[in-house]
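The structure appears below as structure tokens.
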Amino acid sequence: MDYKEIDGKWQKAWQDARIFESDVNGKESYLVTVAFPYVNAPLHIGHVRTYGTADVLARYKRMRGFNVLFPMAFHATGTPILAFAKRLRNGDTELVSELKLFHIADQEIAQMTDPKYIASYFVKEIETGMHRAGLSVDWRRKFVSTDPFFSKFVEWQFGILNRKGYIVKGKHPVGWCPNENQAVGMHDTKKDAEPDIEKETTIKFKVEGEDAYFICTTFRPETVFGVTNLFVNRNSDYIACKINGEGTYYISKQAAANLKYQLNIEQVGEELKGYELLDKKCRNPLTDIIIPLLNGFFVKEGFGTGVVMSVPAHAPFDYMAVEKNKAAGVATEIKPIVVLEIPEKEPLTESKVADIPAEKYIRMFETEGSEDETLEKATKQQYKDESHYGKMIIEGYKGMSEPEAREKISKELVASKKAFELYILANAPVKCRCGYDVVVKVVDDQWFLNYGNPEWKALAKEAFSGINVLPEKLRKTFEAAIDWIDLRAVARAQGLGTPFPLEKEKIIESLSDSTIYMSFYTVSNMLRDVEIEKLKPELFDYIFLGKGDLGLVADSTGIDFQVVKRCKESFDYWYRNMSRHSGADLIFNHLTMYIFNHAAIFGKANWPKQIVVNGNVLSEGEKMSKSIGNIVPLVDGVEKYGTDVIRTLVIASADLFSDSEFSEVSARGVDERFRYLYEIASKIDAMESGELRHMDYWMYSKLNRKIKTATSQVERLELRGMSTGVIYDSVLELKKYLSRGEPNGIVVRDYISNIVLMMSPIAPHVSEELWHLMGNTTLASVEKWPTPDESMISDKVEGEEELLESIIADSKQITALMTKSAKKAKAIKLIVADDWKRKMLNELCKSKNVGDLMGKLNAENGTAEFGLDASGKEKAVKYAQQLAKKVNTLRSVSSTQEDEYRLLDESKGYLSSMLGCPVTVEVESKSTSQRSANAAPLRPSIDILS
RNA sequence: GCAGGGGUGGCAGAGCUUGGCCAAAUGCGACGGGCUUAGGACCCGUUUCCUUUGUGGAUGCAAGAGUUCAAAUCUCUUCCCCUGCACCA
């Protein structure tokens with residue numbers, strides 16, 4: 001079996017037969033869509049997870065008789081391919097080596113300085129990859145999100161959103177590169193660091209004897225009560241400035257440069273060195289205490305305002321800096337002021353300096369490297385503990401938790417104009433790819449989609465209530481996402497895409513332009529050739545919303561009447577029974593926006609029905625990443641291992657939402673099982689067929705049970721469980737069956753045929769090959785999914801097999817014990833329990849009443865009921881006592897002594913061969929063995945003769 | 001911090017919704033045996049501890065407590081891990 005050959009063979013067969021090209025017909029429709037790929041890289045095996053999972057559902061539904069449409073398009077809007085082209089223009093070697101990993105030729109790379117070329121190259125590349133992955137896509141409908149005819153559709157969508165009042169304008173902070181003068185997101189920074197923008201309180205400290213203030217940005221405004229001094233960096237440059245035209249404030253020069261993107265800053269007077277500020281005194285705005293300025297060795301001029309309020313009791317850096325000043329004889333009178341305590345810890349007293357919380361934390365981490373590292377760790381731990389357990393001890397806030405106090409004090413300070421709010425880059429410094437430090441800019445003319453609009457939110461919730469989520473446990477996550485999503489910036493200054501209708505110089509942000517594109521698949525093949533200017537809003541109103549009149553719309557747009565009619569029919573037909581697929585990373589953005597936008601635009605009949613979210617793929621136990629270099633390009637994977645081996649591992653080796661794992665070893669495991677099935681399938685013709693015997697019934701029982709469970713599993717896309725049953729367990733069952741004597745050809749054929757059909761959605765190429773190997777001429781991909789024959793599912797037959805297994809296991813344990821004492825088993829006698837035991841067991845199992853039973857047995861002739869004469873009383877009581885011990889766990893038995901005897905007698909040969917010595921069977925009442933009394937129903941006594 | 005998801009045997013990973021056939025599927029690894037010139041592949045067996053006629057017992061599913069005749073499974077508490085927190089695809 002050569003994977004490469006069969007992959008190509010069947011992919012061509014499917015294509016020639018056009019079985020994946022779907023149009024409106026009389027059958028029930030089913031539409032499967034996946035988050036379309038972004039065209040800046042070729043596919044790797046990780047992509048097979050999402051696309052393959054969707055493909056499995058598409059293939060399964062097809063086999064269930066649905067008219068299935070699985071379309072695909074490409075995403076090219078936004079900034080990444082622009083950035084890509086730019087990086088290549090700048091000769092970025094890192095990017096070039098990534099591309100080489102995917103075997104992209106040098107002359108191709110050379111042309112990729114043009115964004116258009118990048119898009120067209122990867123569109124082709126990805127489509128080829130998807131073919132090779134065996135995806136059952138209708139390629140006639142493909143489009144690219146930058147196609148003009150798709151832009152028309154997006155414009156129409158935004159017209160509706162605007163009319164509904166869901167688009168608003170406002171202020172917004174963004175990461176900003178002062179050098180390139182543009183917003184920077186994660187993809188624009190070195191090390192892909194997301195600029196972490198936080199809104200923090202900035203507190204004003206009035207300077208004594210001057211009409212001026214120092215301002216300090218702090219994460220912990222509640223500690224303002226513990227401020228003993230301020231810090232500046234004695235070597236940094238400072239300026240006095242007006243902010244937004246008012247007051248006089250001292251901040252560092254660097255801070256002024258950073259903050260000018262969110263405040264209007266105007267320098268007044270000369271520059272000052274930090275040390276020139278050290279003789280100034282300030283007033284704590286809440287306690288009115290006069291505090292000095294000190295040099296802070298750790299103060300970074302570019303962070304916040306370049307001035308830091310010092311809380312030595314609660315900040316290790318502050319504590320250390322105060323100590324250093326004291327050691328130099330400066331401000332020796334400063335005493336840390338504790339503002340919050342962690343209960344259950346020893347109360348702090350002024351006399352014991354070691355009890356200053358910050359000092360304690362420093363001691364805790366003293367041995368961990370450099371001073372900075374110690375302080376870093378101590379700070380982190382102290383903030384964490386105090387925020388978690390800390391209770392305020394300051395009058396007016398006593399007993400409040402830290403977060404509560406922080407919130408309250410910040411609000412009060414801001415309300416009384418003793419502080420204002422400022423955005424800061426919490427994870428500074430973040431470097432733009434150009435090398436400059438990123439700053440926060442507040443843009444005041446930003447357009448937003450207002451997902452916080454209560455009316456829209458309510459609509460989205462209503463839509464969500466009708467959506468089936470797989471896996472079910474993600475429901476709560478979606479509910480949280482719908483509640484959480486608020487304003488979302490929707491227009492960008494640059495990038496590819498559709499111009500924003502309310503401000504044409506801007507571009508619609510690229511996640512916002514692809515929230516309802518799945519509906520476009522229903523008409524994309526018919527609208528592609530229509531002239532762009534004919535694609536007017538009324539056309540889309542008619543097709544997607546049923547507004548207007550067919551004839552009028554055809555007239556006003558100039559589009560052929562039949563085309564408009566077919567578009568509307570197509571949308572109505574396809575856009576009702578559908579499943580949407582993506583990876584987990586899209587829950588909080590794309591999928592949530594998908595719900596909102598459908599709720600806003602479409603009628604209820606066309607709202608989403610199902611959302612499926614899958615996990616990622618690990619390669620050899622690790623996340624695939626460029627830096628580890630463990631990315632397996634899709635083409636390499638299918639060449640080396642075969643498409644279906646990759647598919648099976650990536651799609652079906654883990655639960656839907658867990659990460660699946662690709663590795664050499666597991667690839668071998670799948671390969672072996674495929675080959676085993678192939679081997680057996682190829683021998684079927686040589687097998688004789690005959691009447692059904694015990695093992696044949698067992699096989700049918702297993703098979704039909706498997707069909708039943710696999711069907712319900714694939715409905716919920718529990719593909720791991722499904723593939724374990726269909727691919728792994730079936731091999732074990734076949735081996736067991738074949739080891740038990742001559743196989744029955746008809747049984748093996750039935751068994752494998754059904755297995756092959758059930759494997760088909762996951763491993764379509766191998767299934768197709770096996771299907772034809774067994775003499776079929778149809779395509780397995782469009783065969784009917786098996787239905788279980790309930791009458792063939794037999795607990796009795798399977799139970800009998802389990803009985804044999806347990807006899808073998810028990811006997812082995814016993815013979816093993818005997819071996820220790822140098823005894824050897826010569827023969828094994830199995831003694832089958834009498835029917836009176838079954839009767840007693842079943843009765844007790846039902847009544848659970850030991851007392852009753854004992855009473856009965858002790859009565860005159862009480863044993864007669866169980867078919868025993870008076871002499872049997874003793875053993876009856878003994879057995880009843882045994883049962884009594886575990887009366888609550890008893891299970892009734894349905895087989896009779898005769899059934900059990902027959903089974904064991906028929907299986908003597910098998911048991912003998914498994915146990916390595918002759919096995920005989922007898923019934924309890926006729927047995928002379930001392931152990932005969934131990935016999936219990938479904939638990940024959942095992943007498944090993946040595 | 002907030003929100004969501006988790007913690008199972010050497011490892012990976014089922015089981016948990018609906019408590020009892022659960023010392024816990026399956027795979028990998030390890031060990032023993034077979035096959036082989038040898039290795040690989042393949043086949044058989046073992047893989048918590050105790051138990052020398054025995055089909056049993058003990059411990060056990062993050063930790064602790066509870067409910068129950070019965071808990072990996074239900075409840076509570078604690079600890080730990082992962083993911084997301086946006087304007088970015």
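Note on naming: letters A, B, ... go to the chains in the order of the sequence lines (proteins, then strands), and numbering restarts at 1 for each one.
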Examine [N]: is either OP1 or OP2 under 4.0 Å from a nitrogen or oxygen in the side chain of [X]? Give yes or no.
X: A/T724; N: B/rU26; answer: no
X: A/R668; N: B/rC42; answer: no
X: A/T79; N: B/rA89; answer: yes

Atom pairs under 3.5 Å: protein N/O with N/O of nucleotides 3-12 of chain B:
from	atom 1	to	atom 2	distance (Å)
B/rG4	O2'	A/T477	OG1	2.5

Please give, in whole Å, the distance from [N] [atom2] to [X] [atom1]?
X: A/I508; N: B/rA89; atom1: CD1; atom2: P; value: 13 Å
X: A/E672; N: B/rA41; atom1: CD; atom2: P; value: 8 Å
X: A/L938; N: B/rU55; atom1: CG; atom2: C1'; value: 13 Å
X: A/Y728; N: B/rG13; atom1: OH; atom2: P; value: 14 Å
X: A/Y517; N: B/rA89; atom1: OH; atom2: P; value: 15 Å
X: A/K706; N: B/rA25; atom1: NZ; atom2: P; value: 17 Å
X: A/Y676; N: B/rC42; atom1: OH; atom2: P; value: 13 Å
X: A/L911; N: B/rU55; atom1: CG; atom2: P; value: 19 Å

(message) Can you pull out the residues from residues 649-656 of chain A that lie within a 4.0 Å heavy-atom distance of RNA chain B?
(response)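 Contacting residues: A/D655.
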
(request) Under the ring-ring contact (aromatic ring centres under 6.0 Å, His included) rule, collect the residues that match up with A/Y594, sequence neighbours excluded. (result)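 Only A/H598 meet the ring-ring contact (aromatic ring centres under 6.0 Å, His included) criterion with A/Y594.
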
(request) Using ring-ring contact (aromatic ring centres under 6.0 Å, His included) as the criterion, list what pairs up with A/H44, not counting sequence neighbours. (result)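 Scan of A/H44 (ring-ring contact (aromatic ring centres under 6.0 Å, His included), adjacent residues dropped) gives A/H47.
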
(message) Using the salt bridge (Lys or Arg N to Asp or Glu O under 4.0 Å) definition, which of the options A/R668, A/R673, A/R675 pairs with A/D671?
(response)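 With A/D671 as partner, A/R668, A/R673, A/R675 yield a single salt bridge (Lys or Arg N to Asp or Glu O under 4.0 Å), made by A/R675.
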
(message) Test of understanding: with salt bridge (charged side-chain N to carboxylate O under 4.0 Å, His left out), list the residues that count as partners of A/K441, not counting sequence neighbours.
(response)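 Testing A/K441 for salt bridge (charged side-chain N to carboxylate O under 4.0 Å, His left out), a comparison that skips the adjacent residues, returns none.
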
(message) Quick test of your reading of the model: are A/K683 and A/E679 salt-bridged, counting only N-O distances below 4.0 Å?
(response)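 Answer for the salt bridge query: yes.
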
(message) Going by the glycosidic torsion and a 90 degree boundary from 0, is the base of B/rG57 oriented syn or anti?
(response)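 Anti, angle beyond 90° from zero.
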
(message) Can you confirm if the NZ or CZ of A/K837 lies within 45° of the ring axis of A/Y879 and under 6.0 Å from the centre of its six-membered ring?
(response)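 So A/K837 does make the cation-pi contact.
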
(message) Tell me whether the NZ or CZ atom of A/R475 lies within the 45° cone about the ring axis of A/F464 and under 6.0 Å from its centre.
(response)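 Verdict for A/F464: a cation-pi partner in A/R475.
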
Between N or O atoms, less than 3.5 Å apart, protein on one side and nucleotides 20-23 of chain B on the other: list the pairs.
from	atom 1	to	atom 2	distance (Å)
B/rC21	N3	A/R891	NH2	3.2
B/rC21	N4	A/R891	NH2	2.7

(request) Could you work out which one of B/rA86, B/rC87, B/rU26 sits closest to the side chain of A/E509? (result)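 Nearest listed nucleotide: B/rC87.
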
(message) With a 6.0 Å cut-off on the ring centroids, do A/F74 and A/F36 count as close?
(response)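 Ring centres of A/F36 and A/F74 not closer than 6.0 Å.
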
(request) Just name whichever nucleotide pairs with B/rG32, Watson-Crick or G-U, keeping both distances under 3.5 Å, else none. (result)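 WC or wobble partner is B/rC44.
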
(message) Under 3.5 Å, is there any donor-acceptor pair linking the side chain of A/S941 to the base of B/rU55?
(response)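 In this structure, the two groups form a donor-acceptor pair.
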
(message) Counting C-beta onward and ignoring hydrogens, is there a side-chain heavy-atom pair between A/V919 and A/Y910 closer than 4.5 Å?
(response)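 A/V919 does not reach A/Y910 side chain to side chain.
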
(request) For the residue pair A/Y517 and A/V154, establish whether any side-chain heavy-atom pair is separated by less than 4.5 Å. (result)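 The answer is no, as the side chains (C-beta and beyond) never meet within the 4.5 Å cut-off.
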
